[in-house]
Amino acid sequence: VAEDVEAAFGDPLTTQLWEAARRGELLLQRCGACGHHQHYPRPMCLSCDSVDLAWVVAGGGGEVYAQSRVHVPVHPTLERPYVIALVTLDEGPRITTNLVGGTVSTGGRVRLQWLARPDGLPPIPVFGPDPA
Ligand SMILES: [Zn+2]
């Protein structure tokens, strides 16, 4: 696992993503040619193949596209049950994440939160019920 983390941090695309996570910002790429947003970062636009990509900070809102409550964790350190979800961000990209802090119906509104991790690792983006 340590090698995987090291490899991920060595990628210039993901380095910026994780640095932003430490500031509490979820970065997306926005295409200057067609306006498409994407996450996670890639070297070119998935919609039009342009390399004219700029970082933008996600607004933090989204909608639950799909979810599954997991009762048999894939790793013993994971507290069960936990909820894996696909969340469609307001900007368009769909992110694989966890739902925390309460039940949200599929199709329901959620808001970005950050889950702290030990050992100096950057926090990871999770989503909870939208208080608004
Ligand atoms: Zn594009």
Side-chain angles (χ1 to χ4, degrees):
V1 170
E3 293 80 25
D4 292 345
V5 171
E6 200 58 46
F9 278 41
D11 181 335
L13 281 174
T14 54
T15 297
Q16 293 182 64
L17 194 73
W18 291 117
E19 283 173 3
R22 291 185 193 281
R23 301 191 301 268
E25 293 177 345
L26 177 60
L27 290 188
L28 308 176
Q29 287 177 312
R30 184 182 183 281
C31 176
C34 77
H36 173 80
H37 287 86
Q38 59 190 23
H39 180 86
Y40 52 95
R42 281 105 165 165
M44 58 178 42
C45 174
L46 292 176
S47 177
C48 76
D49 294 340
S50 170
V51 294
D52 179 16
L53 296 167
W55 295 110
V56 295
V57 178
E63 186 180 301
V64 177
Y65 176 77
Q67 60 181 307
S68 179
R69 182 172 301 272
V70 179
H71 293 275
V72 182
V74 294
H75 192 273
T77 60
L78 293 170
E79 249 179 71
R80 63 180 178 172
Y82 58 92
V83 179
I84 298 281
L86 291 172
V87 167
T88 307
L89 302 176
D90 290 342
E91 292 83 358
R94 196 165 284 153
I95 181 172
T96 304
T97 185
N98 292 111
L99 295 185
V100 299
T103 304
V104 184
S105 301
T106 299
R109 294 286 303 168
V110 286
R111 180 135 295 271
L112 174 66
Q113 300 178 23
W114 291 96
L115 180 65
R117 293 192 294 167
D119 303 325
L121 291 170
I124 56 172
V126 297
F127 287 79
D130 191 338

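Along the sequence shown, residues are numbered consecutively beginning with 1. Read the numbers this way: they start at 1 and go in the same order the structure lists the ligands and their atoms. Since this is a predicted model, take the numbers as computed values, not measurements.
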Original post:
Checking Arg80 against Tyr82: charged group under 6.0 Å from the ring centre and within 45 degrees of the axis?
Top reply: no
Subject >> Contact check: His36 to the Zn ion (ligand 1), N/O/S below 2.8 Å >> reply: no
Subject >> Charged N-O contact under 4.0 Å between Arg111 and Asp90 >> reply: no
Subject >> Qualifying residue for side-chain contact (heavy atoms from CB on, under 4.5 Å) with Leu112, from Ile95, Leu26, Asp130 >> reply: Leu26
Original post:
Does atom CZ of Arg69 have more than 12 heavy-atom neighbours from other groups under 6.0 Å away?
Top reply: no
Subject >> Apex the Zn ion (ligand 1); atoms Cys48 SG and Cys45 SG; angle rounded to 10 degrees >> reply: 110°
**OP:** To the nearest 10 degrees, calculate the angle at the Zn ion (ligand 1) involving SG of Cys31 and SG of Cys34.
**Re:** 110°
